[in-house]
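A short write-up of the structure that comes next.
The first residue in the sequence is number 1, and the count goes up from there.
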Amino acid sequence: QQRFDLGLYPWNFLLGRQHILPQASGDILELGVRRGRNLPFYKPQNVRSFVGVDHSPNVKQICQMARKVNFPVEVVTSMPDALSLPSESMDCVVSTYTLCSVKHPQKVMSEIWRVLRPGGMLLFCEEGRHPSRHVAFLQDKLTPLWRRFSFGRSLNRNMFRLISGAGFKMDFFEMDRPPLKPLILGYHYAGIAVKT
């Protein structure tokens, strides 16, 4: 079963992921690896090891994408709120439109903190809460229905509050609305947070 991707192209894929993912380096963990579409955006010379985690990865398509990159790709079937990885084993965790979809975001943030080494980075591209309280009010009303038809994606999650509230220091953070996309479908967030 393929995930629901309405609204994710082309703006956020080309701008958000293209600018954020090349910053990843060292031992990298990607949450919600899905079909491996992020793999071409990493810089091979910066990747020491790569682990992609998903509760239901599309292994066939990931293997096809892995043949196009110059670094080894390991895929692990696991839930993001209960990672089967040792503590402080990763230099970088990547989340692209996963934190806005998980059922227990605080638990996921705790797991990200646990597996990252001190000074490690969380790179993220997500959609979330609009800064206008009027639009956010509508997002709150629509989100329960939206989650049912979009494989759990939330429109109203405050990504800055979620990530900084877990103890991370924001090194870079931006938010914007994709052109031609309705306001109620959320702003897109991109950023780099550091485990201090």
Side-chain angles (χ1 to χ4, degrees), residues 3 16-126 128 151-153 157 159-173 189-196:
R3 305 239 181 142
R17 303 184 197 213
Q18 191 175 61
H19 291 162
I20 294 295
L21 296 184
Q23 308 300 317
S25 63
D27 297 312
I28 300 169
L29 166 66
E30 181 179 327
L31 301 179
V33 69
R34 297 178 178 92
R35 288 169 278 177
R37 291 181 309 210
N38 285 338
L39 292 177
F41 290 90
Y42 295 102
K43 290 184 176 180
Q45 65 270 26
N46 294 341
V47 181
R48 180 164 54 241
S49 69
F50 179 92
V51 178
V53 168
D54 202 296
H55 75 279
S56 182
N58 191 318
V59 177
K60 180 179 179 180
Q61 291 192 351
I62 292 174
C63 289
Q64 291 174 349
M65 296 297 292
R67 286 195 287 267
K68 300 177 182 179
V69 298
N70 294 322
F71 55 85
V73 175
E74 178 184 357
V75 180
V76 176
T77 301
S78 178
M79 297 298 291
D81 58 0
L83 297 171
S84 55
L85 294 168
S87 298
E88 298 188 358
S89 59
M90 293 289 153
D91 297 301
C92 185
V93 174
V94 174
S95 174
T96 57
Y97 304 95
T98 297
L99 289 175
C100 63
S101 304
V102 294
K103 186 178 294 186
H104 305 292
Q106 285 79 16
K107 288 184 179 180
V108 175
M109 292 305 305
S110 295
E111 281 293 270
I112 293 173
W113 183 275
R114 181 183 67 81
V115 301
L116 274 176
R117 298 179 177 117
M121 299 189 302
L122 167 62
L123 278 57
F124 60 92
C125 298
E126 304 285 346
F151 294 87
R153 281 172 52 208
R157 213 161 265 173
M159 290 299 158
F160 184 88
R161 184 177 299 172
L162 173 66
I163 295 170
S164 61
F168 286 88
K169 178 182 178 182
M170 289 293 179
D171 187 56
F172 168 76
F173 182 83
Y189 296 76
I192 300 173
V194 180
K195 178 180 177 179
T196 55

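By the 4.5 Å heavy-atom criterion applied to side chains, V108 and L31 are counted as neighbours. F71 has its side chain within reach of L39: a pair of non-hydrogen atoms, C-beta onward, lies under 4.5 Å apart. By the 4.5 Å heavy-atom criterion applied to side chains, P40 and K68 are not counted as neighbours. Proximity of K107 to E111: side-chain heavy atoms (C-beta onward) are nowhere separated by under 4.5 Å. Between M159 and R157, some side-chain heavy-atom pair lies under the 4.5 Å cut-off. R17 places a side-chain heavy atom less than 4.5 Å from the side chain of Y97. A 4.5 Å side-chain heavy-atom check between H55 and T77 finds every atom pair outside the cut-off. Side-chain atoms of Q106 and L162, non-hydrogen and from C-beta on, do get closer than 4.5 Å to each other.
Taking all atoms of both residues into account, the shortest heavy-atom contact from G119 to V194 is O-CG1, 3.8 Å. For the residue pair G36 and I62, the shortest heavy atom distance occurs at N-CG1, 3.8 Å. Of all non-hydrogen atoms in Y42 and E30, the two that sit nearest each other are OH-OE1, 2.7 Å. When every heavy atom of N58 is checked against every heavy atom of R35, the shortest pair comes out as CB-CG, 3.6 Å. Residues R114 and L83 come closest through the heavy atom pair NH2-O, 3.0 Å. Scanning all heavy atoms of the two residues, the minimum distance from S101 to R153 falls at OG-CG, 3.0 Å.
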Please lay out, stage by stage, how T96 and E126 fare under the test side chain to side chain contact (heavy atoms under 4.5 Å, CB included).
CA-CA 6 Å; T96 57; E126 304 285 346; 5.8 Å; no
Quick one: do D27 and R117 satisfy salt bridge (Lys or Arg N to Asp or Glu O under 4.0 Å)? Show the steps, please.
CA-CA 10 Å; D27 297 312; R117 298 179 177 117; 3.0 Å; yes
Between E74 and S49, is the side chain to side chain donor-acceptor pair (under 3.5 Å) condition met? List the steps.
CA-CA 8 Å; E74 178 184 357; S49 69; over 6 Å; no
Would you please test F124 and Y189 for ring-ring contact (aromatic ring centres under 6.0 Å, His included) and show each step?
CA-CA 8 Å; F124 60 92; Y189 296 76; 7.8 Å; no
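For the atom pair M79 CE and S84 OG, the distance stands at 12.0 Å (nearest 0.5 Å). In this structure, CD1 in I192 is found 11.5 Å from CD1 in I163, a value given to the nearest 0.5 Å. Taking CE of M121 as the reference point, atom NZ of K169 lies at 14.0 Å (rounded to 0.5 Å).
Between S25 and D91, the side chains place no donor N or O within less than 3.5 Å of an acceptor N or O (distance only, hydrogens not considered).
The aromatic rings of F168 and W113 stand perpendicular to each other, their planes meeting at an angle above 60°, with 30° marking the opposite boundary.
E88 contributes no side-chain N or O that, together with a main-chain N or O of V115, makes up a donor-acceptor pair within less than 3.5 Å. Remark: the backbone N or O of R34 is paired with a side-chain donor or acceptor of D54 at under 3.5 angstrom. Using modelled atom types, no side-chain atom of S89 and backbone atom of L85 make a donor-acceptor pair closer than 3.5 Å.
Under the side-chain contact (heavy atoms from CB on, under 4.5 Å) rule, C125 has a single partner from T98, I20, V94, which is I20. Looking at L29, V102, L99, I112 one by one, the single match for side-chain contact (heavy atoms from CB on, under 4.5 Å) with P80 turns out to be V102.
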